[in-house]
Amino acid sequence: MEITAKAFKYGDDINTDYIISGKYKFKSTDMEAMAVHAMEELDPEYFNKVKPNGGFLVAGTNFGMGSSREQAPLVLIHSNTKAVLAMTFARIFYRNAINTGLPVVECDTDLIGDGDELVLDLTGGVLRNVTQGIDIAIKPLPPVMAQLLADGGLVEHFKKHGGFAL
Amino acid sequence: MRVTPELRPSSASFLREQRSVIPLPGKTIAEKIFSAHSGTDAHAGDIVVADVDFVMGQDGTSPLAIRALERMGVEKVFDPAKVALVMDHSSPSPIEGVSALHTIMREFGKKTGAKIYDVGCGVCHQLIPEAGHVVPGDLMVGCDSHTCTYGAVNVFSTGVGSTDGAAAMASGKLWFKVPDSMKVTYEGALQPGVFSKDLILYLAGQIGADGATYEAIEFHGAVIDELSVDARMTISNMAIEVGAKAGLMKADAKTLAWYAGRGERVPAPVDPDADAVYAKSLTFDATAIGPQIAKPHAVDNVSPIEEVVGTPIAQGYLGTCTNGRLEDLKIAADILRGKKVHADVRFIVAAASKQIFLDAMEAGYIRDLVEAGAIIVTPGCGPCVGTHNGVPSDGENVISTANRNFKGRMGNSNAFVYLGSPATVAASVIEGKITDPRKYFG
């Protein structure tokens with residue numbers, strides 16, 4: 001499946017407090033309502049920019065550092081973020097993203113500029129930067145995570161197998 | 001700092017290739033705990049499905065875990081004695097939304113028999129070891145990134161998201177990548193006025209926020225041996241701030257003494273082998289480390305206190321899963337006894353648990369702090385995560401014993417949070433500016 005959308009580019013060490021602040025996350029489990037605050041600390045306009053046509057959140061190293069809040073990938077999904085592309089990810093966020101169905105892609109994001117038009121083919125393992133006319137190599141998911149994604153996430157994996165079958 | 005270069009390429013594949021050729025090296029604490037809990041000969045890089053000894057969630061994460069369990073069609077937890085939900089992050093509830101989340105947790109406890117720590121009990125990362133739910137040699141997961149705290153008592157404990165937590169609550173198992181380990185050794189001795197918080201802030205400054213990502217840190221050295229269990233927890237608590245999956249220490253006589261009277265589970269301490277292989281080894285001379293401050297808005301934005309002495313502050317905060325333990329309250333009470341908090345400063349104090357609160361009252365520390373001008377709030381996390389009990393105003397500086405100082409962390413994006421030890425916070429609230437605490441230590 002190919003996803004086409006614009007890149008919205010930010011920096012290194014983006015923590016989960018910036019993705020969704022603690023002051024919002026403890027108020028409810030309504031992710032639609034919470035999503036309007038996604039990335040607010042870094043870019044108060046993030047939701048308004050991404051929601052209408054979707055977008056790729058592009059970052060540098062250590063994306064998703066900090067807390068274990070699963071609200072972080074969930075508000076990105078509900079803000080119409082199609083995938084997060086970063087040089088590297090923090091460990092807990094990476095697992096949470098796979099578990100909740102937000103595609104996370106490790107690649108050389110120096111090859112992507114803010115506003116670039118990108119086409120991501122997750123099954124084919126190709127990221128095309130249409131604006132710059134280049135293909136960017138993406139690091140394949142670890143096999144155990146690819147298997148979880150193929151089952152539709154951890155909840156679906158559990159429903160299908162009645163427990164872990166890895 | 002001395003750095004030993006990486007001893008091996010990608011550990012697991014390398015070891016598999018070498019297994020038939022050379023004898024295997026020894027194991028780290030992490031490799032031993034994962035071997036014992038997965039029934040495999042686990043080495044760094046291996047993927048294992050392991051049995052967990054305990055699963056915890058807090059009020060910001062448990063409701064999503066409960067929803068995930070519902071979606072899985074799971075009605076029970078694998079063992080009600082091994083699951084606990086703690087209301088600490090926004091507790092007692094400041095708004096109706098949180099009240100509803102707390103109700104979801106209470107109803108889950110009634111339905112499944114999982115242990116509920118209701119409002120006022122304290123911070124999850126104090127309650128879980130304090131109650132003896134985990135003991136040395138255990139493997140546990142918690143839906144909170146600071147679950148790494150119990151590495152200080154030789155538990156491989158790590159933070160996971162709500163869906164992983166739900167899977168563990170349902171099955172008593174979770175999949176893990178056995179981490180490489182980084183060995184961090186503190187040699188020498190702590191100088192008066194310098195504490196374990198300064199050691200871990202120093203490490204964050206040295207290796208950065210992703211310096212140990214995907215790795216388990218093992219803390220060693222004469223300085224660690226000398227620390228109390230309270231002080232060790234401060235260090236393991238902040239292992240996540242350098243990206244680590246765990247912050248492990250050996251269990252010694254102090255650890256075992258600390259467990260006396262804390263439940264019926266029998267500790268099974270795990271030491272690393274002498275020939276264990278580490279991805280990296282760092283050695284620091286603690287004698288040369290003074291008080292450290294993490295400046296806004298990053299935990300690895302660390303400098304010696306001398307660089308920020310004199311910075312005006314409007315609020316001080318003593319508490320959290322990092323520094324809300326009895327020893328922390330004692331350090332602050334000893335400095336503040338008979339003195340006054342500066343007129344322009346609000347000094348907020350939260351014990352990490354009800355038991356610590358009671359012990360601190362018994363010892364007179366609470367009286368000392370309140371007489372000096374401290375405001376005592378319910379044992380819990382509130383101010384640290386910006387949910388209530390002390391949100392700073394625009395432009396204000398805060399000096400805090402917490403573990404994070406991200407922009408907006410305490411509930412206001414226009415405030416500035418500095419992190420330091422309990423001694424640094426106590427010294428600073430007296431003068432209304434960041435103050436080197438060593439003046440109170442001869």
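Values in this document were obtained by computation on a predicted structure and should not be read as measured data. Throughout, a chain's letter reflects where its sequence line sits, starting with A, and its residues are numbered from 1.
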**Item:** Selection from Asn15(A), Leu154(A), Thr88(A), Leu74(A) maximising heavy-atom pairs under 4.5 Å formed with chain B
**Value:** Asn15(A)
**Item:** Residue part contacting chain A, namely of Val160(B), when any heavy atom lies under 4.5 Å
**Value:** backbone
**Item:** Part of Thr61(A) lying under 4.5 Å from any heavy atom of chain B
**Value:** side chain
**Asked** In terms of heavy-atom proximity below 4.5 Å to chain B, should Leu42(A) be classed as side chain, backbone, both, or neither?
**Response** neither
**Request:** Measure Val144(A) against the heavy atoms of chain B and call it side chain, backbone, both or neither at under 4.5 Å.
**Result:** side chain
**Request:** Check whether any side-chain heavy atom of Ser79(A) lies under 4.5 Å from a side-chain heavy atom of Phe47(A), and answer yes or no.
**Result:** yes
**Which atoms of His297(B) approach chain A - backbone, side chain, both or neither, heavy atom under 4.5 Å** = both
**Item:** Interface moiety of Tyr18(A) toward chain B, non-hydrogen atoms closer than 4.5 Å
**Value:** side chain
**Prompt:** Do the rings of Phe89(A) and Tyr94(A) sit parallel, tilted or perpendicular, given the 30° and 60° boundaries?
**Reply:** tilted
**Top contributor to chain A contacts, counting heavy-atom pairs under 4.5 Å, from Pro94(B), Gly142(B), Ala167(B), Ala100(B)** = Ala167(B)
**Request:** Flag the one option from Ser171(B), Gly73(B), Ser99(B), Ser162(B) with the top tally of heavy-atom pairs under 4.5 Å to chain A.
**Result:** Ser162(B)
**Complete:** With chain B, the option among Thr16(A), Asp17(A), Asn96(A), Asp12(A) that has the most non-hydrogen atom pairs under 4.5 Å is Asp17(A)
**Lys/Arg-Asp/Glu bridge criterion (N-O < 4.0 Å) met for Asp164(B), Arg95(A)** = yes
**Message:** Counting only non-hydrogen atoms closer than 4.5 Å, does Ala170(B) touch chain A with its backbone (N, CA, C, O), its side chain (CB onward), both, or neither?
**Reply:** side chain
**Message:** Quick check on the interface: out of Val391(B), Ile104(B), Thr163(B), who has the most heavy-atom pairs with chain A under 4.5 Å?
**Reply:** Thr163(B)
**Message:** Regarding Glu70(B) and Arg67(B), does a basic nitrogen lie under 4.0 Å from an acidic carboxylate oxygen?
**Reply:** no
**Presence of salt bridge, Glu215(B) and Lys245(B), under 4.0 angstrom** = no
**Item:** Asp151(A) and His161(A): side chain donor to acceptor below 3.5 Å
**Value:** yes
**Request:** Test Asp118(B) against Arg106(B) for side-chain contact (heavy atoms from CB on, under 4.5 Å), laying out the working first.
**Result:** CA-CA 8 Å; Asp118(B) 214 304; Arg106(B) 292 186 189 108; 2.7 Å; yes
**Part of Arg404(B) lying under 4.5 Å from any heavy atom of chain A** = side chain
**Prompt:** For His89(B) and Asp144(B), does a side-chain donor sit closer than 3.5 Å to a side-chain acceptor?
**Reply:** yes
**Fill in**
When the 4.5 angstrom heavy-atom criterion is applied to Ser413(B) and chain A, the contacting part is both
**Request:** For the residue pair Leu69(B) and Phe108(B), establish whether any side-chain heavy-atom pair is separated by less than 4.5 Å.
**Result:** yes
**Message:** For chain A, which candidate among Lys173(B), Glu241(B), Lys407(B), Arg71(B) shows the most heavy-atom pairs at distances under 4.5 Å?
**Reply:** Lys407(B)
**Asked** Among side-chain atoms of Asn99(A) and Glu70(A), is any donor-acceptor pair under 3.5 angstrom?
**Response** no
